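By convention in this document, chain letters (A, B, ...) are assigned in the order of the sequence lines, proteins followed by strands, and residues within each chain are numbered from 1. Bear in mind the structure is a predicted one, so any value in this text is a computation, not a measurement. Below, all heavy atoms of this structure are taken into account, side chains as well, without hydrogens, waters or symmetry copies.
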Amino acid sequence: MNPALQGLVTIIIGVGGCLAYFYFSNQLLDKVLLPAKGPNAGRNTNRANLIRPWLFLFPAVFALGLYLAYPVVATLWYSLTDRNQGGAFVGLANYRQMMAEPKFWEALRNNMLWLIIVPAASTAFGLLAAQLTDRIKWGAIAKSLIFMPMAISFVGASVIFKLIYDTRPAGQNQIGALNAVWLQFDGGIGSFLILRLLPGALMISAAALALYLAWQAVQAIREKGMGAAAVLRAVLIAVMLYIAYATLGLAYGAFTNVHPYGVPQTWLTIPGWNSFLLMVVLIWIQTGFAMVILSAALRGIPEETIEAAIVDGANPFQVFFKIKMPQISGTIVVVWTTITLVVLKVFDIVFAMTNGQWETQVLANYMFDKLFRASDWGVGSASAMVIMLLVSPILIWNVYNARKEMR
Amino acid sequence: MDNIAGRTSALNWIVQISVVALVALWLFPTVGLLVSSFRTADQISGSGWWQSLTASEQNLTLRSGSAAEQELRDGVYIVEGNLFGTVSDADISVWGVTSRAIDSYLPGDTADLGNGETITVQADGTYVWSGTEELSGRGQRVFATATTPPEFTLENYETVLVSGNRTDSMTRAFFNTLTVTIPATIIPIVIAAFAAYALAWMDFPGRALLIAAVVGLLVVPLQLALIPLLRLHLEIGIGKGYLGTWLAHTGFGLPLAIYLLRNYMVGLPRDIIENARVDGATDFQIFTKIILPLSFPALASFAIFQFLWTWNDLLVAKVFLIDATGQTTVMTAQIVELLGTRGGNWEILATAAFVSIAVPLLVFFAMQRYLVRGLLAGSVK
């Protein structure tokens, strides 16, 4: 049968079936099983009302259970068994095998970088765009244009950015924008300013920010004393110190690295840089999302608070960082976690652009590789469980918040 | 509220310029793809797309008419014509006859090709190729550095959409994508709407637990579902195909659908529903006659999400749909395939990619209002 026709039939059967199920099951309940007539009318109505919610819920609960809840358990089980031994239980052997693979650690390391950089950059750009576009007349149009990449598939975006990163041999016209820009640099003063001073200064300010946050945490421990929160703060301090150390190292590199000026680069094959170039694709897509949400949050800030600050003589930066930021911090957390979830599942971009070569592997692609190319279901499931493990803090946090809200 | 901050016009200008820069930066990649899809292969590989918008100087490899067109005039064999095919606005600055020396001659010069053959090229591309003996071969190659005006073509779209070329044609993939998308968008809406109504307006034990479960399932990565479900599909005989894909998309889309719709329905005025109950309406009637029409905005926003998600999806299609025959390939999968086999053919790639992103972009711009509303309902708490 023609797929289009089949699709149409499915829509009719699927939708019609759903509607018919809901209609007839309700009819059955009300007219046949527990009619609201006769001697037991009252009791029947009560019973029918006990059953009815489950009629409404049944298809959804069934689909959720089968397509999301059951797989979590099944994947856990597969990760502990060996397909080649007929599904025998092998304990943690798959995990051990996975840990022994350098490619897994590469994927995990890259995923961590993605997890820090993409949400941070998207939120920062989104906040900047929201703050700027809210102040101008044609802001709605600007927003809509920055928001547009949301509609573009990861695969489409990969093609778009592959064109930007494209390389032609030296001497020919470069058709990739990145190389065309790169060839403008010749090691002169402009190159120093843009390729050394700018990134160096950015890295140093990032390090300073991390140290500042660490210092704040130290202060908080001093003031509030030891406890469960202190442990979390200590972890935060350690992470911040590491970030400061890493960014200072990068800053040093920015000033000392020798750049191959005038030579077109095949960007996607340079380990270290290529992962960042892939992240750019996702940042480009997610910034619009962050902008839309943060812009709504910024508009929701009561004007009195800002007026009061201005009357008290606050400058625009103080208004932004001391008045607006604290009021939208909840929304920033939501945006951050939502983008984190997207990042954890990122597969298409890496698959389409490098397929994990040149040290760009990420967990989701590693898993796909194991499942469908190496046909190793054990290790594939184990890596899927690693993704689940990384997601679960957000899952618990969301459920906790949702329950708090309902009370 | 910004006015009271005593904004100076200088600051205003800085804001305006920054926004222009930001928007330009965000549009640049997509525009590059769009422009490239209207250029020929030679144009794309000859110069960056940003140069195609203005008259630009390019190094071109051109060929004269073949020896079959030659005429005998006064004892000399001659082929005449224009290197650009028809009369063009191109302006040749220098040219040559070998790839090693592409700047040997100025317009109007005559190059000696040996064996009594010569070729003369004018600035506008007209040439005279002549020889004292009969000419042979496919035509003389000419390497020219020329300034050509912007020129665009629809050829690529013809190749990709209507040519029926086996590897490049996107027509089938387009309809396959459509076949996946439409049922995968509509079915979860129907199922989720009923469930959301029950979770919002019906009282039963375990309701809070179910809502928490839905919130939890919102973030479960679908990666976990791949193997167990593929196995299940193979065991119960669905195998790889549309049915399995529709079911998978339905399952993966349900948590968001239920979450969005419930949040919206809870906010509907209680009076309407209770009045209807008092008047003797059943839950089924309340749902279809009151709740559904009122929930249209939420339904629309989820529909857009699910449409974009299923249209742009690669992973689910690769796992649950595309079998070895490749008959059921979708556009995203085919583009990845093209990236592998035709990595250098940017005219095909760019056009195929643009065809695949055109529909979501249309939906996006037409229904942006609902999309934003859905995002806000889903995220801001």
* Asked: Side-chain contact, heavy-atom cut-off 4.5 Å: Tyr67(A) with Leu229(B)?
  -> yes

* Structure fact -> When every non-hydrogen atom of Ala142(A) is compared with those of Val19(B), the smallest separation belongs to CB-CG1, 3.7 Å

* Do Pro360(B) and Ile152(A) have side chains that get closer than 4.5 Å, going by heavy atoms? -> no

* Asked: With chain B, which of Phe347(A), Tyr78(A), Trp397(A) has the greatest number of heavy-atom pairs at distances under 4.5 Å?
  -> Tyr78(A)

* Using a cut-off of under 4.5 Å for heavy-atom pairs, which of Leu218(B), Leu222(B), Val319(B) has the most such pairs with chain A? -> Val319(B)

* To do: Mind ranking Ala353(B), Ala333(B), Pro205(B), Ala248(B) by heavy-atom pairs under 4.5 Å with chain A and telling me who comes out on top?
  => Ala248(B)

* Close side-chain approach of Leu314(B) and Ser153(A), heavy atoms under 4.5 Å -> no

* Structure fact -> Of Leu341(A), Leu64(A), Asn26(A), Ile387(A), the largest count of non-hydrogen pairs under 4.5 angstrom with chain B goes to Leu64(A)

* Asked: Can you find a heavy atom in the side chain of Leu199(B) that is under 4.5 Å from one in the side chain of Phe56(A)?
  -> no

* Under a 4.5 Å heavy-atom cut-off, does chain A meet the side chain of Leu308(B), its backbone, both or neither? -> side chain

* Side chain / backbone / both / neither for Pro149(A) at chain B, heavy atoms under 4.5 Å -> side chain

* Which region of Leu371(B), side chain (C-beta onward) or backbone (N, CA, C, O), has a non-hydrogen atom less than 4.5 Å from a non-hydrogen atom of chain A, or is it both or neither? -> side chain

* Asked: Measuring heavy-atom distances to chain B, does Phe147(A) have an atom under 4.5 Å in its side chain, in its backbone, in both, or in neither?
  -> both

* Any side-chain heavy-atom pair from Phe368(A) and Gln223(B) closer than 4.5 angstrom? -> no

* Considering only heavy atoms and a distance below 4.5 Å, find which of Val23(B), Leu33(B), Ile227(B) pairs most often with chain A. => Ile227(B)

* Asked: Tell me the side-chain hydrogen bond (donor to acceptor under 3.5 Å, both in side chains) pairs involving residues 14-28 of chain B, sequence neighbours left out?
  -> Trp138(A)-Gln16(B)

* Asked: What is the minimum heavy-atom distance between Ile258(B) and Ala60(A), and which atoms define it?
  -> CD1-CB, 3.9 Å

* Asked: Could you go step by step and tell me if Val15(B) and Ile136(A) meet the side-chain contact (heavy atoms from CB on, under 4.5 Å) rule?
  -> CA-CA 8 Å; Val15(B) 170; Ile136(A) 55 175; 3.7 Å; yes

* Can you find a pair of side-chain heavy atoms, one from Val220(B) and one from Val391(A), that are under 4.5 Å apart? -> no

* Do other residues, nucleotides or ligands put more than 12 heavy atoms under 6.0 Å from the CG atom of Leu19(A)? -> yes

* For Ala384(A) and Leu224(B), work out which heavy atoms get closest and say how close. => O-CD1, 3.6 Å

* Asked: When heavy-atom pairs shorter than 4.5 Å are enumerated against chain B, which of Lys137(A), Met148(A), Met385(A) gives the highest number?
  -> Met148(A)

* Of all the heavy-atom pairs spanning Pro53(A) and Phe204(B), show the shortest one and how long it is. => CB-CD2, 3.4 Å

* Asked: With a 4.5 Å limit on heavy-atom distance, are the side chains of Trp346(B) and Lys162(A) in contact?
  -> yes

* Asked: Checking heavy atoms, do the side chain of Leu210(B), its backbone, both or neither come under 4.5 Å from chain A?
  -> side chain

* Region of Val73(A) in contact with chain B, defined by heavy-atom distances below 4.5 Å -> neither

* To do: Side chain from CB out, backbone as N, CA, C, O: work out which of these in Tyr23(A) comes under 4.5 Å of a heavy atom of chain B, or both, or neither.
  => both

* Interface moiety of Val266(B) toward chain A, non-hydrogen atoms closer than 4.5 Å -> neither

* Could you tell me which portion of Thr250(B) (side chain, backbone, both or neither) has an atom closer than 4.5 angstrom to a non-hydrogen atom of chain A? => neither

* Heavy-atom contact with chain B under 4.5 Å, split by part of Leu163(A) -> both

* For each of Val336(B), Leu217(B), Ile187(B), Leu25(B), tally heavy-atom pairs with chain A at distances under 4.5 Å, and name the one with the top tally. => Leu217(B)

* Can any side-chain N or O of Thr332(B) pair as donor or acceptor with the backbone N or O of Val155(A) at less than 3.5 Å? -> no

* Phe307(B) versus chain A, heavy atoms under 4.5 Å apart: side chain, backbone, both or neither? -> neither

* Asked: For Arg207(B), is it the side chain, the backbone, both, or neither that has a heavy atom closer than 4.5 Å to a heavy atom of chain A?
  -> neither

* Asked: Restricting to pairs with a member in residues 190-201 of chain B, which pass side-chain hydrogen bond (donor to acceptor under 3.5 Å, both in side chains), not counting sequence neighbours?
  -> Tyr197(B)-Asp283(B)

* Asked: How many angstroms lie between atom CG of Leu361(B) and atom CE of Met150(A), to the nearest 0.5 angstrom?
  -> 12.5 Å

* **Engaged part of Ala225(B) at the chain A interface, taking heavy atoms whose separation is under 4.5 Å** => both

* Among Thr133(A), Leu145(A), Ile146(A), side chain to side chain contact (heavy atoms under 4.5 Å, CB included) partner for Leu22(B) -> Ile146(A)

* Asked: Can you say whether Ser36(B) sits under 4.5 Å from chain A via the side chain, the backbone, both, or neither, judging by heavy atoms?
  -> side chain

* Tell me, for Ala314(A) versus chain B, whether the close heavy atoms (under 4.5 Å) come from the side chain, the backbone, both or neither. => neither

* Which residue, Leu344(A), Val399(A), Ile396(A), Leu395(A), forms the side chain to side chain contact (heavy atoms under 4.5 Å, CB included) with Val219(B)? -> Leu395(A)

* Side chain / backbone / both / neither for Leu66(A) at chain B, heavy atoms under 4.5 Å -> both

* Asked: Rounded to the nearest 0.5 Å, what separation is found between the CG atom of Leu315(B) and the CZ atom of Phe154(A)?
  -> 11.5 Å

* **Residue part contacting chain A, namely of Ile357(B), when any heavy atom lies under 4.5 Å** => side chain

* Which distance, rounded to the nearest 0.5 Å, do you find between the CG of Leu254(B) and the CZ of Phe62(A)? -> 12.0 Å

* Any donor-acceptor pair under 3.5 Å linking the side chain of Asn312(B) with the backbone of Ala151(A)? -> yes

* To do: Determine whether Phe284(B) and Gln27(A) make a side-chain contact, defined as any pair of heavy atoms from C-beta on separated by less than 4.5 Å.
  => no

* Asked: Side chain, backbone, both or neither: which part of Ile164(A) has a heavy atom under 4.5 Å from chain B?
  -> side chain

* Asked: Of the non-hydrogen atoms in Gly251(B) and Leu68(A), which two are nearest, and what is the gap between them?
  -> O-CD1, 3.6 Å

* Side chain, backbone, both or neither: which part of Leu178(B) has a non-hydrogen atom closer than 4.5 Å to chain A? -> neither

* Structure fact -> Cut-off 4.5 Å, heavy atoms of chain A, and the answer for Phe28(B) is side chain

* Asked: Pick from Gly65(A), Ala177(A), Ser79(A): which one has the most heavy-atom pairs with chain B under 4.5 Å?
  -> Ala177(A)

* Please report the closest heavy-atom contact between Phe22(A) and Val190(B), naming both atoms and the distance. => CE1-O, 4.3 Å

